[in-house]
Student: 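First the structure, then my questions, so here it is.
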Amino acid sequence: MDAALSLRFFPEFFLMSVERKSLEQREQMDDLSRLRHSCAHVMATAILRLWPQAQLAGGPPVENGFYYDIALDHAITPEDFEKIEAEMRRVVKANEPFRKEVVSREAAAELARSGRLGALSERGEPSRFKLEMLDDIPEGEEISLFYNGDFADLCAGPHVGRTGNCKAFKLLSVAAAYFKGDSSRESLQRVYGTCFKNSTALREHLEKLEEAKRRDHRRIGREMDLFQIDEAVGQGLVLWKPKGAVIRRELQEFITEELDRQGYSQVFTPHIGRLGLYQTSGHYPYYQESQYPPVVTREALKALADEGCSCAELNNRLEGGRVDGFLLKPMNCPHHIRIFASGHHSYRDLPVRLAEFGTVYRWEQSGELGGMTRVRGFTQDDAHIFCTQDQVAEEIRGCLDLVKVILGTLGMEDYRVRLSLRDPASDKYVGDPANWDKAEAALRDAVSGLGVEYTEELGEAAFYGPKIDFVVKDVIGREWQLGTVQVDYNLPERFDLQYVGSDNQPHRPVMIHRAPFGSMERFAGLLIEHFAGHFPVWLAPEQVRVLPVSDKTADYAGRVRAALAEAGVRVALDATADKIGAKIRRAQIDRTPYMLVLGPREEEEGTVAVRHSRRGDCGSPKLEEFVAMLRGEIDGRRR
RNA sequence: GCCGGUGUAGCUCAGGGGUAGAGCAACGCAUUCGUAAUGCGUAGGUCGUCGGUUCAAAUCCGACCACCGGCUCCA
């Protein structure tokens, strides 16, 4: 439900592994994917030479490489990589041709039963995964095998000509993956590797991975002292430290200005709400798994104790929502809805737009937590719009404009837009189908007017309404949902919301959930990576650092610092006895955008020697000129 | 939650059954210096936690916790 601002995550490799490609798509598979797919076979060949009993599942190419899923009693570790790679090099050197053979379903099944598929020879054990994968191939589709040397695999291809083409490869990691992505099935070892046309391209890719590590928001967050996640406080709970808090404050001010411009009303609501509120909304008890357990009142606890209620019974009643208490809010909409519901509304009052930086809590699985992008408590730049069906289109346009302005100002242009529509064949959706048609048309209309590419995904809508998501990639290529705009026909119904129309009759308003950042935590994390910590001046925790060349200009440096502070600039003074080179190096490492080098020359002329952390030497303007220039850059939120 | 890996000073890391190591950062002293590291010195750690084996555990074993990668999930 709400989803409003659900933080969704679609690993591309997962999609690729479960999607069945059409024949045409396979034909079009680009050269690099083909090469990587072949390299996966080379790796499988090598692994089977080392461990002939290995059972292979699937081994497709993925965005930056390939993997192969393997069941094996020996746990493959990075220490094995060298051994496997050495064996792979032998396979490559042998330059075996990839040979395709189209076979009947029965012939393939026979080979799988004899253990010959995904193997170097017949084995005592059947190729159990291949057998099942064979069953998944639709009737009528061609069934083909690929051979290289002794290795035979069930595979639709296509492949490169010979193993000798896979020259530049490297194994990267090993991880677990469930067979067919089903957590109730066997857990397999997934060995990841990458392959390029030549060693130069491979080296460049590996350097890119190293660079990505340096940009990782967890690393930069620590280096720049922006935030921490403290074991003593709790997993997935972010502490914004003073410097990180500056960034968040600036972002919130920025968005608040935009909201004021667009006619939003700001509200504040508490972090908790009564269980009944969430029973009305439908979030409790159905989504208990992803919530912190309720805060039960003393009275309720005492009554249960007096009754001699057992722990098991208490658990039952809690799960059934039969114990009174409060919930840490998993979303903000119910609170906002109650504000809307507190008064009568004429159609003339609509739309009502209630905005809040609202902090919500969700019990994410421990294995899913990480950095700022997946946490258990986060603040959404949330708002709920209550409007008539006729106003939906216009409101959606406004929401998208907002997202676009925000991402544009920050220069985050590398996102994709996903339009999630209902599955016409399903009947799980609430609301009038005619209204759905209108809402979907309005969303499509708005998003196509945005001037960015988008994909329509049927069946991806929430049951309560269609939505638009802005998805960006982090530094290691994982996709994260940021901004979202969602239409909701469900909650107005559940809370029996009404307004009086021009016909003097009660009508049901439509709700729109939207959050341009998604959450402050996730957004800040991705922003850190986007800028590699080199924030534009308006966001930088420390905007200017004053660097006297020696103690002789300490007084002048002090006056410059004071003048800047007076002008509302976040400025620091490096009064250490270090040489100027060391001071510059330190400011550079701290990613302070502007450094002012002040020596006798500047003091005499009333100037400042300006150095920018990325642009280098920017000349020596008069102090007043620099202040004016800086204020313009800050106030204009220029990048 | 699942599989695997990791956990030694604030950070990056070495070491490894017998008194805990380096570089950077911090602190002190000297240096007063012009665009990415001045020199010398000082201080800093129950080696993630708990338990076991041992004369002796940071080191070996087990459990737990946290982090990293992936899987699953994500109203």
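Order of the sequence lines fixes the chain letters, A, B, ..., with proteins taken first and strands second; residue numbering starts at 1 for each chain.
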Student: Ignoring hydrogens and angles, answer whether the base of rG1(B) and the side-chain atoms of Tyr178(A) contain a donor-acceptor pair closer than 3.5 Å.
Tutor: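 Indeed there is one.
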
Student: Have a look at Arg218(A) and say if it touches a base, only the backbone sugar-phosphate, or nothing, with a 4.0 Å heavy-atom cut-off.
Tutor: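 Sugar-phosphate only.
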
Student: Could you check which nucleotide pairs with rC29(B) in any of the strands shown, counting Watson-Crick or G-U wobble with both distances under 3.5 Å?
Tutor: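 For rC29(B), the partner nucleotide comes out as rG39(B), under the 3.5 Å rule.
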
Student: Heavy atoms only, 4.0 Å cut-off, all strands: where does Ala609(A) land among base, sugar-phosphate and nothing?
Tutor: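 Counting heavy atoms under 4.0 Å across all strands, the contact made by Ala609(A) includes a base.
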
Student: Can you check whether Arg478(A) has a side-chain N or O nearer than 4.0 Å to OP1 or OP2 of rG69(B)?
Tutor: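 The answer is yes; a side-chain N or O of Arg478(A) sits under 4.0 Å from OP1 or OP2.
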
Student: Could you tell me whether Gln235(A) contacts a base, only the sugar-phosphate backbone, or nothing, with contacts defined as non-hydrogen atoms closer than 4.0 Å?
Tutor: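 The residue Gln235(A) makes sugar-phosphate contact but no base contact.
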
Student: Can you find an N or O donor on one side and an acceptor on the other, under 3.5 Å apart, linking the side chain of Glu602(A) with the base of rG34(B)?
Tutor: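 In this structure, the two groups form a donor-acceptor pair.
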
Student: Counting only Watson-Crick pairs (N1-N3 plus N6-O4 or O6-N4) and G-U wobbles (N1-O2, O6-N3), all under 3.5 Å, who is the partner of rG69(B)?
Tutor: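 Matched rG69(B) with rC3(B) under the 3.5 Å cut-off.
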
Student: Taking rG5(B) as the reference, what is the distance to rA63(B) when you measure between their P atoms (whole Å, please)?
Tutor: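 Per the computed distance, 13 Å lies between those P atoms.
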
Student: So what's rC74(B) paired with, Watson-Crick or G-U wobble, going by both distances under 3.5 Å?
Tutor: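 Its partner: none found.
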
Student: rG34(B) pairs with which nucleotide, Watson-Crick or G-U wobble, both distances below 3.5 Å?
Tutor: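 For rG34(B), the partner nucleotide comes out as none, under the 3.5 Å rule.
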
Student: Roughly, in whole Å, what's the span from CZ in Arg190(A) to C1' in rC2(B)?
Tutor: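 From Arg190(A) CZ to rC2(B) C1': 13 Å.
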
Student: Please classify the nucleic acid contact of Ile584(A) as base, sugar-phosphate, or nothing, using heavy-atom distances under 4.0 Å.
Tutor: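 Counting heavy atoms under 4.0 Å across all strands, the contact made by Ile584(A) includes a base.
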
Student: With rounding to the closest Å, how many angstrom separate the P atoms on rC74(B) and rC60(B)?
Tutor: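 The answer is 41 Å between these two P atoms.
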
Student: Just checking Glu231(A): base, sugar-phosphate only, or nothing, at a heavy-atom cut-off of under 4.0 Å?
Tutor: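 Here Glu231(A) touches the backbone only, sparing every base.
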
Student: Between rC67(B) and rG34(B), how far apart are the P atoms? Round to whole Å, please.
Tutor: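 Taking atom P in both rG34(B) and rC67(B), they lie 48 Å apart.
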
Student: With P as the reference atom in both, quote the distance from rG10(B) to rG52(B) in angstrom, rounded to an integer.
Tutor: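 Between the two P atoms, the distance is 28 Å.
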
Student: Taking the same atom, C1', in rC40(B) and in rU31(B), what whole-Å distance lies between them?
Tutor: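 It comes out at 11 Å once rounded to the nearest Å.
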
Student: Can you tell me, in whole Å, how much space there is between the C1' of rU6(B) and that of rC47(B)?
Tutor: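 Rounded to whole Å, the distance is 14 Å.
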
Student: Taking any strand in view, what nucleotide pairs with rG18(B) in a Watson-Crick or G-U wobble way, both distances under 3.5 Å?
Tutor: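 Because both required distances fall under 3.5 Å, rG18(B) counts as paired with rC55(B).
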
Student: Hey, mind stepping through Tyr67(A) and Tyr192(A) against ring-ring contact (aromatic ring centres under 6.0 Å, His included) and telling me if it holds?
Tutor: CA-CA 4 Å; Tyr67(A) 66 78; Tyr192(A) 282 94; 5.5 Å; yes

Student: In whole Å, I'd like the distance from the CG atom of Leu369(A) to the C1' atom of rG1(B).
Tutor: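 Those two atoms, CG and C1', are 11 Å apart.
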
Student: Could you check whether Asp578(A) gets within reach of a base, just the sugar-phosphate, or nothing at all, counting any heavy atom under 4.0 Å?
Tutor: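 Base: the residue Asp578(A), judged by heavy atoms under 4.0 Å, touches a nucleobase.
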
Student: Taking atom C1' in both rG39(B) and rC50(B), compute the distance separating them and give it to the nearest angstrom.
Tutor: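 Looking at atom C1' only, rG39(B) and rC50(B) are 47 Å apart.
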
Student: When we call it a touch if two heavy atoms are under 4.0 Å apart, what does Gly599(A) touch: a base, just sugar-phosphate, or nothing?
Tutor: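 The answer is base, as Gly599(A) lies within the cut-off (heavy atoms under 4.0 Å) of a base atom.
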
Student: How are the rings of His335(A) and Tyr278(A) set relative to one another: parallel (under 30°), tilted (30 to 60°) or perpendicular (over 60°)?
Tutor: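 Taking Tyr278(A) first and then His335(A), their aromatic rings sit tilted (interplane angle of 30° to 60°).
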
Student: My understanding is that a pair needs two contacts under 3.5 Å, Watson-Crick or G-U wobble. By that rule, which nucleotide pairs with rC11(B)?
Tutor: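 Looking at the geometry, rC11(B) pairs with rG23(B).
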
Student: Can you tell me the Watson-Crick or wobble partner of rC64(B), both distances under 3.5 angstrom?
Tutor: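 The answer is rG48(B), by the H-bond criterion.
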
Student: If you measure from the C1' atom in rG18(B) to the same atom in rG23(B), how many Å do you get, rounded?
Tutor: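 Their C1' atoms lie roughly 28 Å apart.
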
Student: Salt bridge check: are Arg586(A) and Asp578(A) linked by an N-O gap of less than 4.0 Å?
Tutor: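 Salt bridge between Arg586(A) and Asp578(A), a charged N being under 4.0 Å from a carboxylate O: yes.
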
Student: Do other residues, nucleotides or ligands put more than 12 heavy atoms under 6.0 Å from Lys583(A) NZ?
Tutor: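 Correct, the count exceeds 12.
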
Student: Taking any heavy-atom pair under 4.0 Å as a contact, classify Ala577(A): base, sugar-phosphate, or nothing.
Tutor: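 Base: the residue Ala577(A), judged by heavy atoms under 4.0 Å, touches a nucleobase.
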
